[in-house]
Amino acid sequence: MNKINSKITDLLGIQYPIIQGGMAWVAEYHLAAAVSNAGGLGIIGAASAPADVVRTQIREAKKLTDKPFGVNVMLLNPNAAQVAQVVVEEGVKVVTTGAGSPEKYMELWKAAGIKVIPVVASVALAKRMERIGADAVIAEGMESGGHIGSLTTMCLVPQVVDAVSIPVIAAGGICDGRGLAASMMLGASAVQMGTRFIVAHESIVHDNYKEKVIAARDIDSEITGAGTGHPIRCLRNQMTREYVKMEQSGASFEELEYLTLGSLRKAVMEGDVINGSLMAGQIAGLVKKKQSSSEIIQEIMNQALNLLG
Ligand SMILES: Cc1cc2nc3c(=O)[nH]c(=O)nc-3n(C[C@H](O)[C@H](O)[C@H](O)COP(=O)(O)O)c2cc1C
């Protein structure tokens, strides 16, 4: 198949400009390795996992693929400093970061030759990341699943593209070749997708959760946590209703964060779609079937190449 060569495929040494987002609980080594084997970049989501769990995940991924893969370091994680060290020790090639600025780990990672790609939700943060030496940024719009900012992908991506000279990866609301082609038109060099990969065959997500994503309509996601300054997008269910109630009764950020992360585990591992947190983006309405990561990537590439002529 033809390729879309971009600054990101060159930078990361991957075949296709498609990155699977580091997702708490969801993005473990089976999915990451499958996406990398399919020519994209798979990412292990370290989320709030202890450093030794992340080390095991990396070692398992290496058994399944000899292609590059990444680790997403969630900077709010109390174990972030140890995880930052583990990615160096294990020779991980790419680190993406969420929930803040990775400034204090930059020297360590750059010395180890790691490509550092922070997720940003504003032009100001993108510029700051470029200044501290980021290799690229992921501009993520509020359409996406999980923790979100306030700008849409359509508005954020071209503004970030104009503001920085490092490559920009578009994320949020992208799940097919139209989304990839449109992102390239906005000046992005690749896309990151989360929601579509939830339903990949290699994703360990419980079938009940996958079915909810497949059944979701465009209007079925909801934002919880806007009041804490840490909004999260997930599919509407009993958990989101309880969350809103807790929020209104003045629960702390930690209690609410615990509720969502704990509930995400419940949804992913136990298939509890009532009390679990079904993090997913607005694009869930377009996700219609379970497929292998390789089929997903091939389908997107074919469609994008046709559109881009
Ligand atoms: C279940 C789920 C968990 C996520 N967890 C994380 C995370 O731990 N760290 C992070 O940087 N992004 C996280 N994200 C965001 C994804 O990496 C990705 O950027 C996003 O899903 C892209 O938007 P889309 O869902 O519209 O494809 C998560 C997304 C989902 C759906």
Side-chain angles (χ1 to χ4, degrees), residues 4 6 8 16-24 26-27 35 40-41 43 45 72 96 98 117-123 125-126 136-161 167-200 203 209-210 212-226 231-236 240 277-289 291 293 296-297 299-301 303-304 307-308:
I4 299 176
S6 77
I8 286 294
Y16 306 123
I18 299 176
I19 297 171
Q20 162 254 312
M23 294 176 273
V26 175
V35 171
L41 184 80
I43 295 186
N72 174 255
T96 63
I117 312 185
V119 177
V120 300
S122 71
V123 165
L125 188 56
V137 287
I138 299 164
E140 188 192 66
M142 54 85 81
E143 297 92 326
S144 77
H147 287 84
I148 55 170
S150 56
L151 294 177
T152 59
T153 303
M154 186 69 128
C155 294
L156 178 66
V157 171
Q159 295 190 68
V160 170
V161 165
V168 176
I169 297 157
I174 300 157
C175 92
D176 63 11
R178 293 172 295 182
L180 171 56
S183 299
M184 305 305 265
M185 290 297 172
L186 294 177
S189 303
V191 295
Q192 169 164 292
M193 307 189 316
T195 299
R196 184 153 185 201
F197 282 118
I198 293 175
V199 306
S203 134
Y209 185 168
K210 290 185 178 177
K212 285 286 179 193
V213 172
I214 287 167
R217 296 165 303 167
D218 52 351
I219 55 169
D220 285 339
S221 77
E222 173 151 61
I223 300 170
T224 58
I232 294 176
R233 185 181 298 284
C234 39
L235 300 180
R236 195 175 296 109
T240 59
S277 168
L278 304 172
M279 290 186 193
Q282 292 181 328
I283 207 69
L286 261 190
V287 176
K288 299 285 186 228
K289 57 179 180 212
Q291 288 168 294
S293 300
I296 292 172
I297 289 177
E299 198 179 283
I300 294 174
M301 287 304 300
Q303 196 183 15
L307 289 168
L308 293 168

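What you see below is based on every heavy atom in this structure, not just the backbone, and it leaves out hydrogens, waters and symmetry mates.
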(message) Run the side chain to side chain contact (heavy atoms under 4.5 Å, CB included) test on Val35 and Ile297 for me, step by step, so that the C-alpha distance in whole Å, both residues' side-chain angles and the decisive distance to 0.1 Å come before the verdict.
(response) CA-CA 8 Å; Val35 171; Ile297 289 177; 4.0 Å; yes

(request) Determine the sole option in Val120, Leu125, Ile169 for which the side-chain contact (heavy atoms from CB on, under 4.5 Å) test with Val137 is passed. (result) Val120

Rounded at 0.5 Å granularity, tell me how far [atom1] in [X] sits from [atom2] in [Y].
| X | Y | atom1 | atom2 | value |
| --- | --- | --- | --- | --- |
| Ile296 | Ile18 | CD1 | CD1 | 9.5 Å |
| Gln282 | Thr153 | CD | OG1 | 9.0 Å |
| Met142 | Thr152 | CE | OG1 | 7.5 Å |
| Met23 | Ile43 | CE | CD1 | 9.5 Å |

(request) Decide yes or no for Leu278 and Val213: does some side-chain heavy atom of the first lie under 4.5 Å from some side-chain heavy atom of the second? (result)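 The answer is no, as the side chains (C-beta and beyond) never meet within the 4.5 Å cut-off.
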
Pairing residues for [X] by the side chain to side chain contact (heavy atoms under 4.5 Å, CB included) criterion, not counting sequence neighbours:
| X | value |
| --- | --- |
| Thr224 | Ile232, Cys234, Thr240, Tyr243, Thr260 |
| Val123 | Lys127, Gln159, Val160, Ala163 |
| Ser150 | none |

(request) Locate the shortest heavy-atom distance separating Pro167 from Ile8; write the atom from each residue and the value. (result)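 Taking every non-hydrogen atom into account, CB-CD1, 3.7 Å.
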
Look at the side chain of [X] and the backbone N and O of [Y], then say whether any donor-acceptor pair between them is shorter than 3.5 Å.
| X | Y | result |
| --- | --- | --- |
| Lys210 | Ala200 | yes |
| Ser203 | Ile198 | yes |
| Glu143 | Gly173 | no |

(request) For Ser221, check side-chain hydrogen bond (donor to acceptor under 3.5 Å, both in side chains) against everything at least two apart and list the hits. (result)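 So Ser221 forms a side-chain hydrogen bond (donor to acceptor under 3.5 Å, both in side chains) with Arg233.
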
(request) Quick one: list whatever passes side-chain hydrogen bond (donor to acceptor under 3.5 Å, both in side chains) with Thr96, sequence neighbours left out. (result) Asn72

(request) Name all pairs fulfilling the salt bridge (charged side-chain N to carboxylate O under 4.0 Å, His left out) condition that reach into residues 168-178, sequence neighbours left out, sorted by first residue then second. (result) Asp176-Arg178

Pairs under 3.5 angstrom only: tabulate donor-acceptor contacts from the side chains of residues 180-197 to other protein residues two or more places apart or in another chain.
{"residue": "Ser183", "atom": "OG", "partner": "Gly179", "partner atom": "O", "Å": "2.7"}
{"residue": "Thr195", "atom": "OG1", "partner": "Gly281", "partner atom": "N", "Å": "2.8"}
{"residue": "Arg196", "atom": "NH1", "partner": "Cys175", "partner atom": "O", "Å": "2.8"}
{"residue": "Arg196", "atom": "NH2", "partner": "Gln291", "partner atom": "OE1", "Å": "2.6"}
{"residue": "Arg196", "atom": "NH2", "partner": "Glu299", "partner atom": "OE2", "Å": "2.9"}

